[in-house]
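Some notes on the structure that comes next.
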Amino acid sequence: MFAYYLDLALRSLKRNPVLTALMVLAIALGIGASMTMITVLHVMTDDPLPGRSAHLYTPHLDPLPLDFGQRGDSPDPRDDLTWPDAMALLKAHRAVRQAAMAGGTLLAHPAQADAQPFYANGRYTTADFFAMFGLRFAYGGGWSAAEDAAAARVVVLSDTMARKLFGRVDAVGRAVRLGEEDYRVIGVVADWMPAPQFYADRTGSQYSDADSFFLPLSVAVDKDLPVNGNQMGWGRDEGGKRSDTTSWLQCWVELDTPAQVGAYRQFLLDYSAAQKALGRFQRPPTNAKLYGLMEWLAHQHLVPNDVELQLWLALGFLFVCMLNIVALLLAKFLRRGGEISVRRALGARRRDIFIQLGVEAALIGVAGGLSGLVIAQLGLWSVRQRPDDYARLAQMDTGMLMATLVLAVVASVLAGLLPAWRACRMPPALQLKTL
């Protein structure tokens, strides 16, 4: 029966190609515009570590004095941790794994004599970073907790960085000069670029290039290496990296069960209460927070206001296109009143007419969806030409391709519901008199 309805729909659409083209174009433009912005929003809010994100949490404390007030648009100092607090959380070992980190940029010197030095972005972190976030080693491995404590001069390079420095990937055992120090390469990881970079300081770009190197955090502190991002201080000793009144470190922990999550939250409350009793903290201990990875992304409000505005405008445009299709389908179906009445007189039920016209609307949706895919790809190409840091991520994956077709069919079928209902409700006798 469906094949019969499909044949009727194709015949009807071919009968008036101009009207069919207008309806297909309307749904294609609406779908193309809306799916462009939905795809951008999707890549900006997607899970950066599928399979791991449910076990990753970031603790946050509130060490600010009672009279502290932010000036302008400065980042909240509570988004990061001070050195004493970060070290206290790590030494407590209340999580399966834990790591403190900060970003930095150093001048890298290639091994080739004729190659020019270049600046590279990297991460100062602790030993659990690689296992907790699931980085894949192509060669070698990470450093140990003992090397962390000893501030060992070791480094892990990304695949791309190893190639730039040595012209080959297997760089384990080689020496590399970063800044003013030489470091021994102990591992090479496949390029790791979660988007967004949830673990990074929120003042920088969270859709930037992958980290090129990883150094022990203890080395960064020992050598006073430059740190990227916010270093918000308060009090008389403002600006000192190891000061207990300067926040500059990000901290992440791995917790595998709800019981572990609850225990860690209680640990943060107890730690905050103890620090308040010592006079370090002034605000209520209940201000301590533990965010899951996806909760943290929502807390950061990563989606720019202009992207959200463009999304709503695109969806509004899709709604207008659907209204136009409703009007066109209504005119088309009502004009076929004689044909529909003949079918009713020959025994077709209202349900049969409704399904027939619904199949015709769905065909328009399929054609509009395929055309909308082309328009959406052009729209995403234009987004990638923008200077925004997230622009390069504007790529449509398989899921979004299928979603485009589904949205087009659903939109066209919804647009065809009223016209189909009106057409199948027409009294056959009145229409047959005019034939």
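We're numbering straight along the sequence, starting at 1. Bear in mind that the values here come from a model prediction, so they are computed numbers and not experimental data.
Atoms CG and OG1, on Asp62 and Thr286 in that order, are 9.0 Å from each other to the nearest 0.5 Å. Taking CD from Glu295 and CG from Leu56, the interatomic distance works out to 12.5 Å, rounded to the nearest 0.5 Å. Here the straight-line distance linking atom CG of Asn324 with atom CG of Leu25 works out to 10.5 Å at 0.5 Å rounding. Of the inter-residue distances, the one linking Leu106 atom CG with Leu178 atom CG reads 5.5 Å to the nearest 0.5 angstrom. Here Leu41 contributes atom CG and Asp46 contributes atom CG; the two are 10.5 Å apart, rounded to the nearest 0.5 Å. Considering CD of Gln385 and CG of Leu380, their distance stands at 11.0 Å, rounded to 0.5 Å.
The shortest distance between side-chain heavy atoms of Ser158 and Val188 does not fall below 4.5 Å. Looking only at side-chain heavy atoms (C-beta outward), Leu407 and Met35 come within less than 4.5 Å of each other. Counting only heavy atoms from C-beta outward, the side chains of Pro110 and Phe118 approach each other to under 4.5 Å. Gln250 is not listed as a side-chain neighbour of Thr125, based on a closest heavy-atom distance of 4.5 Å or more. Using a 4.5 Å heavy-atom cutoff, the side chains of Phe213 and Val155 are in contact. Side-chain contact between Leu217 and Met101 is absent, with no heavy atoms from C-beta onward closer than 4.5 Å. You'll find the side chain of Val261 stays beyond 4.5 Å of the side chain of Thr257, heavy atoms only. Side-chain contact check for Ile31 versus Thr404: some heavy-atom pair is nearer than 4.5 Å.
Checking side-chain atoms of Ser412 against main-chain N and O of Ala361 turns up a donor-acceptor pair under 3.5 Å. For the pair Arg97 (side chain) and Ala95 (backbone), a donor-acceptor distance under 3.5 Å is absent. Judged by distance alone, the side chain of Thr126 and the main-chain N or O of Ala100 form a donor-acceptor pair under 3.5 Å. Remark: side-chain polar atoms of Asp47 are paired, donor with acceptor, to backbone N or O of Leu49 under 3.5 angstrom. Between the Ser53 side chain and the Pro50 main chain, no donor and acceptor come within less than 3.5 Å of each other. Not one N or O on the side chain of Asp128 forms a donor-acceptor pair closer than 3.5 Å with the backbone of Ala99. Formation of a donor-acceptor pair under 3.5 Å by the Arg265 side chain with backbone atoms of Gln260 is not found in this model. Of the possible donor and acceptor atoms, one in the side chain of Ser218 sits under 3.5 Å from a partner among the backbone N and O of Asp148. A donor-acceptor contact shorter than 3.5 Å links the side chain of Gln282 to the backbone of Leu66.
A perpendicular orientation is assigned to the rings of Phe198 and Phe133, their planes being inclined by more than 60° (bins at 30° and 60°). Using cut-offs of 30° and 60° on the angle between ring planes, the pair Tyr264 and Phe267 is perpendicular.
Ala120 approaches Met161 most closely through the heavy-atom pair CB-CE, 3.7 Å. Heavy atoms only, all atoms of each residue included: Pro196 and Pro48 are closest at O-CB, 3.6 Å. Here the closest heavy-atom approach between residue Arg123 and residue Gly103 is recorded as NH1-N, 3.3 Å. When all heavy atoms of Ala314 and Ala33 are compared, the pair lying nearest together is CB-O, 3.5 Å. Minimum interatomic distance between Val176 and Val185 (heavy atoms only, all atoms of both residues): CG1-CG2, 3.9 Å. Nearest heavy atom pair, residue Leu318 against residue Gly30, reads CD1-C, 3.6 Å.
Side-chain contact annotation: Thr160 with Asp191, donor-acceptor N/O pair under 3.5 Å present. With no hydrogens or angles considered, no side-chain donor-acceptor pair links Tyr139 and Asp159 at under 3.5 Å.
For the pairing with Leu61, the side-chain contact (heavy atoms from CB on, under 4.5 Å) check across Pro285, Ser247, Ser272 returns one residue only, Ser272. Checked options Gln275, Arg283, Arg78; the residue passing with Pro63 is Arg78 (criterion: side-chain contact (heavy atoms from CB on, under 4.5 Å)). With Tyr183 as the partner, the side-chain contact (heavy atoms from CB on, under 4.5 Å) test is satisfied by one option alone out of Val156, Leu157, Val219: Val219. Just one residue in the list Tyr124, Trp252, Trp192 forms a ring pair (Phe, Tyr, Trp, His ring centres under 6.0 Å) with Phe129, and that residue is Trp192.
More than 12 heavy atoms of other shown residues, nucleotides or ligands fall within 6.0 angstrom of atom NZ in Lys276.
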Practice task
Tell me, with the steps shown, if Leu225 and Leu215 meet side chain to side chain contact (heavy atoms under 4.5 Å, CB included).
Solution key: CA-CA 10 Å; Leu225 298 179; Leu215 287 174; 4.0 Å; yes

Practice task
With side chain to side chain contact (heavy atoms under 4.5 Å, CB included) as the test, would you mind laying out the steps for Arg153 and Arg184 before giving the verdict?
Solution key: CA-CA 6 Å; Arg153 301 304 194 259; Arg184 177 171 55 89; over 6 Å; no

Problem - side chain to side chain contact (heavy atoms under 4.5 Å, CB included) evaluation trace for Gln98 with His93 - result: CA-CA 8 Å; Gln98 54 267 311; His93 295 289; 3.4 Å; yes

Exercise for the section: Before giving the answer on side chain to side chain donor-acceptor pair (under 3.5 Å), spell out for Ser212 and Asn121 the whole-Å C-alpha distance, their side-chain angles and the decisive distance to 0.1 Å. Expected result: CA-CA 6 Å; Ser212 297; Asn121 294 324; over 6 Å; no

Handout entry: Derivation and outcome, side chain to side chain contact (heavy atoms under 4.5 Å, CB included), residues Met23 and Leu329
Key = CA-CA 8 Å; Met23 290 188 289; Leu329 286 176; 3.4 Å; yes

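Considering only residues two or more places apart in sequence or on other chains, Phe130 meets the ring-ring contact (aromatic ring centres under 6.0 Å, His included) condition with Phe137, Trp143, Phe214. Under the side chain to side chain donor-acceptor pair (under 3.5 Å) criterion, Asp182 pairs with Arg177, not counting sequence neighbours. Judged as a side chain to side chain donor-acceptor pair (under 3.5 Å), and not counting sequence neighbours, the contacts of Asp270 are Gln266. Partners of Thr58 by side chain to side chain donor-acceptor pair (under 3.5 Å), not counting sequence neighbours, listed by chain and number: His60. His55 is linked by a ring-ring contact (aromatic ring centres under 6.0 Å, His included) to nothing, counting only residues two or more places apart in sequence or in another chain.
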Which atom pairs, one a donor and one an acceptor, fall under 3.5 Å between side chains of residues 363-377 and the rest of the protein, sequence neighbours left out?
{"from": "Ser371", "atom 1": "OG", "to": "Ala367", "atom 2": "O", "distance (Å)": "3.1"}

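Ionic pairing of Arg280 and Asp85 is present here: one or more N-O contacts between side-chain nitrogen and carboxylate oxygen are shorter than 4.0 angstrom.
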